[in-house]
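A note on names: the letters A, B, ... follow the listed sequences, proteins ahead of strands, and every chain is numbered from 1. Heavy-atom basis, side chains included; hydrogens, waters and symmetry copies ignored.
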Amino acid sequence: MRWTPWISLAWLVAMILISIFAPLLAQHDPYMPITQPLADPAPETPLGADALGRDLWSRFVFGGRISLSTSFAAALIAVLLGTTVGLVSVLWETHFDRLMLWATNTALAIPGLLLAMLLVTVMGPGMDVVLLAVGLGGAPAFAQPARIMFRQLASREFVTAARALGAGKLRIAFRHILPNGRGELISLATTHLAWAFMGITTLTFLGLAGDPALPEWGAMLNEGRKHLIETPLLAILPGTVISLTILSIHALGDWLSRDLEAHGSA
Amino acid sequence: MVPILNRDAIRTLAGTILRRILEGLLTAWSAVSLTFFALRIGIGDPIDSLLSQGLATPEQAQALRHDLGFDLSLPLQYLRYLWQLLRGDMGTSLYTGRPVNLVIAEQASSTFELALGAFAVALVLAFALGVISAWRKHSRSSWLANAIAGLATSLPVAFTGILSILLLSSALSSFASSQFTSWLQRSLLPVLVLGFASAGGIARVVHAGLRETMELPHMTAARARGIGGTRLLLKHGLRPALPPVISMSALQAAFLLTGTVVTETVFARPGLGRLLVNSILQGDYPVAQGIVALAALLYTGAGLTADLLSMMLDPRLRREA
């Protein structure tokens, strides 16, 4: 559909704005009980209250801050790490390339989320640990396609020409390979962002953020699950928001890669 | 199905298969080593955490350290771990003191039941969605099948699981006994929810493969010979499209392993996934290590099986080095 990318973009921008202006939008402290447990919506609490009597709307807007910022940070870790490893291994194609290929394949033999859980086991539960774990756990899955893409670019004529003209490896990396791979990198990074967001909210849903009071969408989904029959909104609100966010990022990623195909990458 | 092979062809085929098996074993070994060193270096001495939580006296800790081999040097510990693993021994749980083997074996059947059921659901659903979306381009049914496949890949299992419980309880509460509802919730729903989540990725590959083969000349030739309908679709269209579908299914089998973790939490089902989460939260690392090692072995095994199956289906792949 023609409008899908624009609706997706609008949704993502709205969620980011809500997170940025959370202190202005929230009427209450997301950690403080202010009314009866599981209270119905009222003028003071527009979406009702959770099991401890905390305002659902305030927890939702503050939750976006944590969920979205940690997902962006985790995706950034994977993108930076994967791009660096991919570039270095393609340009200095020696033993390092083989070592990296072996390390990537080994890490890929364990599904990314299990790798992240393994890291949480090492470092103990916590939101910062979840961020790092999803970032590092997803890095191999990003490094693999990035490396293949860089490899293809490095074998193109303009790179050979630059090399013949005496360009150094750093110059080839920053002047020739990265600018030409930019479109595909952005498309890969978008897909990876969806994975990181899914990963973060899954780990917090499993309680690996450590602190159950944390206003975070995945953790809120888990808390809401316990009162599903009495107040379904507690689970439906974070669940719907998580799903729509993932759908939107996927739709943007599809649109970017289709755009790339239509206009060519170089 | 197998074309006539001369002796040389058989020898190269055996070589390819053997090399692939060795590669798989090597990957599994490196993955197991990676988990061992990550945990041992990252956690340090796990007995310290027992001491600090007051779960063991210093004398008990010393004895436990000796029993578990933590007083050895790291390379020796590694060799000991590998040797034990080869004999099928994965150590003992730090908290219950029971063999990890036994703890895992108790929970494994429930998880494998869930994973296998979900995999079957995923395959059936994926082929249905993929074939419908590829068969008639730009039709309403094709659009719908694509949309469902997209939803399947995007919706988190945690949310679809919760929604399904909610729907079931509101639909059945009026006329069904609660026993029947809870049976559905324990056994049928988790399989359907996890199967739906894994179907999306496979459906996309089925769709892409079918679209590609439908453009090939042999399809036009088959159509010209008067072959139509399901025979055209299944024999001439689908078979060449299968190898990537098989690889994708192996990937999704890995997703199933992580998917069971969430599914078991949502539906309060016992199993390896719940065991993993609990052992992570308690810091019971031998159990977590055992489950991750098992997952790595299963995953590599799935990849290997997929490659061998593809070679059986597509003669062109057998010649590859």
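No side-chain heavy atom of A:T202 sits under 4.5 Å from any side-chain heavy atom of B:P156. B:F159 has its side chain out of reach of A:I242: every pair of non-hydrogen atoms, C-beta onward, lies at least 4.5 Å apart.
Residue B:L281 holds its CG atom at 8.5 Å from CG of A:L206, rounded to the nearest 0.5 Å. Note that CD1 of B:I280 and CG of A:L208 are 5.5 Å apart. Values are rounded to the nearest 0.5 Å.
For B:T153, the part sitting under 4.5 Å from any heavy atom of chain A is the backbone (N, CA, C, O) and nothing else. Contacts between B:V266 and chain A at a heavy-atom distance below 4.5 Å involve backbone atoms as well as side-chain atoms. Contacts of A:T240 with chain B are made by both backbone and side-chain atoms, with heavy-atom separations under 4.5 Å.
Inspection of non-hydrogen atoms places B:L276, B:V277 of residues 271-279 of chain B under 4.5 Å from chain A. Contact annotation for residues 214-227 of chain A against chain B (heavy-atom separation below 4.5 Å, listed by residue number): A:L221, A:R225. Contact residues of residues 243-254 of chain A toward chain B are A:S243, A:I246, A:L247, A:H250, A:D254 (heavy-atom distance under 4.5 Å).
The nearest pair of heavy atoms linking B:I162 to A:A235 is CG2-CB, 4.1 Å.
Each of B:T27, B:I165, B:L298, B:V261 has some count of heavy-atom pairs under 4.5 Å with chain A, and the biggest count is that of B:V261. Of the residues considered (B:A158, B:A288, B:A295), B:A158 shows the highest number of contacts with chain A, using heavy-atom pairs under 4.5 Å.
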If you look only at distance, which donor and acceptor atoms sit under 3.5 Å apart when one is on a side chain in residues 112-120 of chain A and the other is two or more places apart or in another chain?
none

